[in-house]
Student: 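Mind looking over this structure? Questions follow.
The shown structure was predicted, so the numbers you read here are calculated from the model rather than taken from an experiment.
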Amino acid sequence: MGIQKIRTLLLGLILVSSHMYSQDPNFHIYLCFGQSNMEGSASIEEQDKTVDPRFQMMAPMDCTELNRVQGNWYTAVPPLSSCWHGLSPADYFGRTMVAILPDSISVGVMNVAIGGCDIRLFDKDIYQEYTNTYPEPWFAEKVAAYGGNPYQRLIELAKAAQKKGVIKGILLHQGETNERNREWPKYVEKVYSVMLMDLGLNAEEVPLIAGEVVHAEQGGVCSSMNVIINKLPDVIPTAHVVSSKGCSVSEDNVHFDSEGVRKLGRRYAIEMLSLLKK
């Protein structure tokens, strides 16, 4: 073997060992995506502004008004997605996780969600067909804030996060825009599978947790979608569905209110904790 090849091999070993050394196995990372409820449609109240520093968020975009820089980690004070949104299930998912897990473990989330989006906006092969799901400027501005490709932004953030910690799960809240589309579980299966492939992850080690939309008992406008959402584990063996029953809602009966979001977020955490025990 020539000297140059030996040098290249040694450099590769140094880089790999350096990466492994810097990765903290006690920093558990969760990827969050979906539409408006995951984005954060509920009001941020005073009780939501105090956060355990063991719960961290990676900024998905630059937010001058919040003094956040895209790709940097911060204590997870809401909003966790874009600069101008509110409370999301990701908030109380993370808070509940660090409250129950040992003090040695920290939790980090990254939240890339687009209010009003079709699930196929996260399909990297056809996303451009769904960047104009709504022709109004508000939707185009949301997509543009993620560089025109929300899926790619999420993957870029996740790859950066993998240098610091270990991805333990993926959280999804989406479905209102795809109501009554029985192909939805297959769309989700493709997005999830490609996401795992792009990040070098194993489905058995990185489950998908999806939440129901506003429940019929709470007068949910899109509650018929829950029948389809609950078929997700039939298509994805490592998928789990969290009930929205009893989670209070806002006046539009599409979005959860602040207390409803807190309850739903805690349910995501309880589901994830049960999987970690296994």
Student: Using 0.5 Å steps for rounding, measure from the OH atom of Y268 to the CG atom of L171.
Tutor: 6.0 Å
Student: Just jot down the ring-ring contact (aromatic ring centres under 6.0 Å, His included) partners of F139, sequence neighbours excluded, or say none.
Tutor: Y134
Student: Looking only at the side chains, is there a donor atom on one of E179 and S224 sitting less than 3.5 Å from an acceptor on the other?
Tutor: yes
Student: So W184 and V235, side chain to side chain contact (heavy atoms under 4.5 Å, CB included) or not? Walk me through it.
Tutor: CA-CA 10 Å; W184 183 84; V235 179; over 6 Å; no
Student: Within the distance-only criterion (no hydrogens, no angle test), does the side chain of R120 pair as donor or acceptor with the backbone N or O of I126 below 3.5 angstrom?
Tutor: no
Student: Looking only at non-hydrogen atoms, find the nearest pair between N226 and H215 and report the distance.
Tutor: ND2-CA, 3.9 Å
Student: Does one hydrophobic cluster hold both L80 and M61, with members joined at side-chain heavy-atom distances below 4.5 Å?
Tutor: no
Student: Can you see which heavy atom on S81 is nearest to which on P60, and at what distance?
Tutor: O-CG, 3.2 Å
Student: Which residue is it: S43, S250, S248? I am looking for the one with a side-chain hydrogen bond (donor to acceptor under 3.5 Å, both in side chains) to D257.
Tutor: S248
Student: Does D48 reach the main-chain N or O of E45 with its side chain, forming a donor-acceptor pair under 3.5 Å?
Tutor: yes
Student: Please list all pairs meeting salt bridge (charged side-chain N to carboxylate O under 4.0 Å, His left out) that have one or both residues in residues 199-227, counting only residues at least two apart or in different chains.
Tutor: E217-K245
Student: With sequence neighbours left out, what residues match Y192 under ring-ring contact (aromatic ring centres under 6.0 Å, His included)?
Tutor: none
Student: After noting the C-alpha distance and the side-chain angles of N26 and S104, does the key distance pass the side-chain hydrogen bond (donor to acceptor under 3.5 Å, both in side chains) rule?
Tutor: CA-CA 7 Å; N26 286 332; S104 59; 4.5 Å; no
Student: Just by modelled atom types, is the C117 backbone N or O under 3.5 Å from a matching donor or acceptor in the Q174 side chain?
Tutor: yes
Student: Begin with the C-alpha distance, continue with both residues' side-chain angles, and end with the deciding distance and a verdict on side-chain hydrogen bond (donor to acceptor under 3.5 Å, both in side chains) for E176 and S36.
Tutor: CA-CA 9 Å; E176 295 90 346; S36 54; 5.2 Å; no
Student: Output yes when a side-chain donor or acceptor of S258 lies under 3.5 Å from a complementary backbone atom of A42, and no otherwise.
Tutor: no
Student: Taking the basic N atoms (NZ, or NE/NH1/NH2) and the acidic carboxylate oxygens, is any pair closer than 4.0 Å for E189 and K186?
Tutor: no
Student: For Y92, enumerate each residue passing the ring-ring contact (aromatic ring centres under 6.0 Å, His included) test, keeping only those at least two apart in sequence or located in another chain.
Tutor: none
Student: Determine yes or no for a side-chain-to-main-chain donor-acceptor pair under 3.5 angstrom, with Q35 supplying the side chain and G175 the backbone.
Tutor: yes
Student: Flag the pair F33 / F122 as yes when their ring centroid distance falls below 6.0 Å, and as no otherwise.
Tutor: yes
Student: Is the CD atom of E65 crowded by more than 12 outside heavy atoms at less than 6.0 Å?
Tutor: yes
Student: Tell me whether S193 contacts the main-chain N or O of K190 through its side chain, where contact means a donor paired with an acceptor under 3.5 Å.
Tutor: no
Student: Say you draw a straight line from CG of N37 to CG of L264; how long is it, rounded to the nearest 0.5 Å?
Tutor: 8.0 Å
Student: F27: what forms a ring-ring contact (aromatic ring centres under 6.0 Å, His included) with it, not counting sequence neighbours?
Tutor: W73
Student: Exactly one of P78, C247, P89, S41 should register a side chain to side chain contact (heavy atoms under 4.5 Å, CB included) with V261. Which one does?
Tutor: P89
Student: Should side-chain heavy atoms under 4.5 Å link Ile, Leu, Val, Met, Phe, Trp and Tyr, which residues sit in the same cluster as V254?
Tutor: V221
Student: Main chain of S88, side chain of D91: is a donor-acceptor contact present, judged purely on distance under 3.5 Å?
Tutor: yes
Student: So, do D118 and E129 sit near enough that their side-chain heavy atoms are less than 4.5 Å apart?
Tutor: no
Student: Nearest 0.5 Å, what's the CE-CG distance between M272 and L101?
Tutor: 9.5 Å
Student: Under 6.0 Å from the NZ atom of K231, do we count more than 12 heavy atoms belonging to anything else shown?
Tutor: no
Student: Determine whether L66 and V77 make a side-chain contact, defined as any pair of heavy atoms from C-beta on separated by less than 4.5 Å.
Tutor: no
Student: Might you work through the salt bridge (charged side-chain N to carboxylate O under 4.0 Å, His left out) test for R54 and D103, ending with a clear yes or no?
Tutor: CA-CA 8 Å; R54 285 171 50 223; D103 291 344; 3.7 Å; yes
